[in-house]
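Letters go in sequence order (proteins before strands), and every chain restarts at 1. Because the structure is a prediction, the values reported are computed rather than measured.
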Amino acid sequence: MLAELRLNGMPDLATPLIAWYGENARDLPWRRPGFGAWGVLVSEFMLQQTPVTRVIPHLQAWLMRWPTPTALAADAPAEAVRQWANLGYPRRALWLHRAAVEIRDRHSGVVPRDVDALLALTGIGDYTARAVAVFAYGERHPVVDTNTRRVLSRAVDGRSQSGSPSRRDLDAMTRILPEHPADAAIVNAAAMELGAVVCTARAPKCKVCPLADQCAWRAAGYPDTGDGRRRQARYEGSNRQARGAVLKVLRDAAPQPVDLAQVIADWPDALQRDRAIDSLIADGLAEASGGLLSLPGHRVAG
DNA sequence: GAACCGTGGTG
DNA sequence: TCACCAAGGTT
């Protein structure tokens, strides 16, 4: 197989990745044997755009409270949003709750192992579906996150950054996966891990990189292909900030609703405040009734 | 494909 | 200080 890869002009990335991962993999909760598909799924939801160090304590608390999808599905969405606390992007909490309901209703309470079935769940996209299938069930698929895309862009394509996610990324990853599913899973995890701790966006640690010898980007003298991502919108004064402030009030008061007029009443921009509340209601993250605002599914007294 | 969606750590 | 960044997904 190695000869075949070289004939195609592809260096063997799998072998050094597996060796490096064996020595350097972090001991993360969801990598423990027997962590379970539900635990893996919850961890993947939480890890969507939230750093590992912030996720770990929340993950433990979540699984302690809701050890199964059915347990979560039996609770109100409001409780999911409240338990989510300050992890950010609270719609993920809502989506995770919806996914739990779907798992209960469509899959008898068992997290599906089929990628298409996973993709059909709320809040699960290309990355998460494959991550669950591969890391929880040992299926053989390419798992491509932003770390992996950066690693492949550099090592294979010689670019400092990757463009937007595409089918090509999955194909590129497939090309370096070993045949055996267990090995393929390790390569998937190793590529992500390498991107997370060595081949980082800002200051890559090429001195300790197991792929340095074969890295096209390094060989080309680290060109800055900077087809970079769009600048993240300013947070201060943003709608996101306003929404976050509203939701924090609701979380802190829950299960009690809050007088609508008192929700971030001192917000500098009253129009923005109103729009934030309306958009949260539209998103299903809040409910208004009788002049009171609450998290979704917390019945308003009276 | 671009815009949008939270929050906190960091160089 | 502040812009960047973080195991994405949906619209």
Side-chain angles (χ1 to χ4, degrees), chain A residues 21 25-26 28-31 35 39-59 81 84-96 98-99 118-136 141-151 160-170 173 185 188-197 199-205 226-251 275-276 279-280 282-286:
Chain A
Y21 188 75
R26 290 170 295 177
L28 301 175
W30 45 90
R31 290 178 178 163
F35 193 68
V40 170
L41 189 152
V42 174
S43 76
E44 295 298 348
F45 264 84
M46 290 184 171
L47 287 164
Q48 292 169 4
Q49 298 289 281
T50 300
V52 165
T53 52
R54 289 183 55 202
V55 162
I56 289 175
H58 287 277
L59 176 65
V81 174
W84 196 260
N86 64 342
L87 275 175
Y89 292 144
R91 54 175 79 192
R92 289 181 292 161
L94 205 54
W95 289 342
L96 178 52
R98 286 181 194 162
L118 286 161
L119 280 170
L121 299 174
T122 301
I124 293 192
D126 255 348
Y127 164 75
T128 304
R130 289 174 174 76
V132 171
V134 169
F135 300 136
H141 298 285
V143 181
V144 177
D145 75 337
T146 184
N147 290 308
T148 295
R149 293 197 305 111
R150 187 173 54 250
V151 168
S160 64
Q161 309 263 358
S162 50
S164 42
S166 72
R167 174 75 224 181
R168 305 175 66 83
D169 300 321
L170 292 178
M173 191 60 192
N188 276 314
M192 292 169 59
E193 185 78 350
L194 188 70
V197 303
C199 191
T200 52
R202 291 263 188 104
K205 303 172 179 63
D227 59 318
R229 347 186 352 149
R230 272 205 130 43
R231 268 174 50 192
Q232 199 170 21
R234 179 179 183 81
Y235 185 64
E236 192 68 25
S238 67
N239 291 332
R240 297 155 88 169
Q241 185 186 33
R243 286 165 55 102
V246 171
L247 216 48
K248 174 168 171 51
V249 169
L250 297 185
R251 280 199 311 265
R275 278 195 278 105
S279 71
L280 287 169
D283 288 347
L285 282 165

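At a threshold of 4.0 angstrom between heavy atoms, the contacts of A/Phe45 with the nucleic acid are absent. Residue-level contact check: A/Ala131 touches neither bases nor backbone, having no heavy atom under 4.0 Å from any strand. Within 4.0 Å of A/Gly125, counting heavy atoms only, lie sugar-phosphate atoms of the nucleic acid but no base atom. Residue contacts for A/Arg130: at a heavy-atom cut-off of 4.0 Å it reaches no nucleic acid atom on any strand shown. Using a 4.0 Å heavy-atom distance criterion, A/Leu87 is classed as a base contact. Using a 4.0 Å heavy-atom criterion, one finds that A/Arg91 contacts the sugar-phosphate atoms exclusively. Across all strands, A/Asp283 comes closer than 4.0 Å to no nucleic acid atom at all (heavy-atom distances).
Protein atom CD of A/Gln161 is 11 Å distant from nucleotide atom P of C/dC4, rounded to whole Å. Here C/dA7 presents its C1' atom at 4 Å from CE of A/Met192, a figure rounded to the nearest Å. Between the CZ atom of A/Arg149 and the C1' atom of C/dC5 there is a distance of 14 Å, given to the nearest Å. The distance from atom CE of A/Met46 to atom C1' of C/dA6 is 16 Å, rounded to the nearest whole Å. If you measure from atom CD of A/Glu236 to atom C1' of C/dT1, you get 13 Å, rounded to the nearest angstrom. The interatomic distance linking A/Arg234 (CZ) with C/dT1 (P) rounds to 13 Å, in whole Å. At whole-Å resolution of the value, CE in A/Met173 and P in C/dA7 are 15 Å apart. If you measure from atom CD of A/Glu44 to atom P of C/dA7, you get 11 Å, rounded to the nearest angstrom.
Using a cutoff of 4.0 Å between basic side-chain nitrogens and carboxylate oxygens, A/Arg130 and A/Glu44 are not scored as salt-bridged.
A 4.5 Å side-chain heavy-atom check between A/Trp84 and A/Met46 finds at least one atom pair inside the cut-off.
Residues forming a side chain to side chain donor-acceptor pair (under 3.5 Å) with A/Thr122 (at least two apart in sequence, or on another chain): A/Glu102.
The side chain of A/Thr128 contributes an N or O atom lying less than 4.0 Å from OP1 or OP2 of C/dG9. A close approach under 4.0 Å does not occur between any side-chain nitrogen or oxygen of A/Tyr89 and OP1 or OP2 of C/dG8.
Looking only at distances, no side-chain donor or acceptor of A/Thr200 sits under 3.5 Å from a matching main-chain atom of A/Val197.
Contact of A/Thr50 with B/dG6 (side chain to base): a donor-acceptor pair of N or O atoms is detected under 3.5 Å.
Note that CZ of A/Phe45 and CH2 of A/Trp95 are 8.5 Å apart. Values are rounded to the nearest 0.5 Å. The line from SG of A/Cys199 to CE of A/Met192 is 14.0 Å long, rounded to the nearest 0.5 Å. Note that CG of A/Leu119 is 6.0 Å distant from CG of A/Asp126, once rounded to the nearest 0.5 Å.
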#### Entry: Working for side chain to side chain donor-acceptor pair (under 3.5 Å), residues A/Ser160 and A/Arg150
CA-CA 7 Å; A/Ser160 64; A/Arg150 187 173 54 250; over 6 Å; no

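Using atom P as the reference point in both C/dC2 and B/dG6, the two lie 24 Å apart (nearest Å). Annotation: C/dA7 and B/dG11 have their P atoms spaced 14 Å apart (nearest Å).
Between A/Trp30 and A/Gly123, it is A/Trp30 whose nearest contact on DNA chain C lies nearer the 5' terminus. If A/Asn147 and A/Trp95 are placed on DNA chain C by their nearest nucleotide, the residue sitting closer to the 5' end is A/Asn147.
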Every protein N/O within reach of nucleotides 8-11 of chain B N/O, cut-off under 3.5 Å:
unit_1 : atom_1 : unit_2  : atom_2 : d
B/dG8  : OP1    : A/Asn86 : ND2    : 2.9

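Listed by first and then second residue, the salt bridge (charged side-chain N to carboxylate O under 4.0 Å, His left out) pairs that reach into residues 232-244 of chain A are A/Arg243-A/Asp283, sequence neighbours excluded.
Candidate nucleotides B/dG6, C/dA6, C/dG8 were compared by shortest atom distance to the side chain of A/Arg150, and C/dA6 ranks first. Checking B/dG6, C/dA7, B/dC5 against every side-chain atom of A/Leu28, the shortest atom distance belongs to C/dA7.
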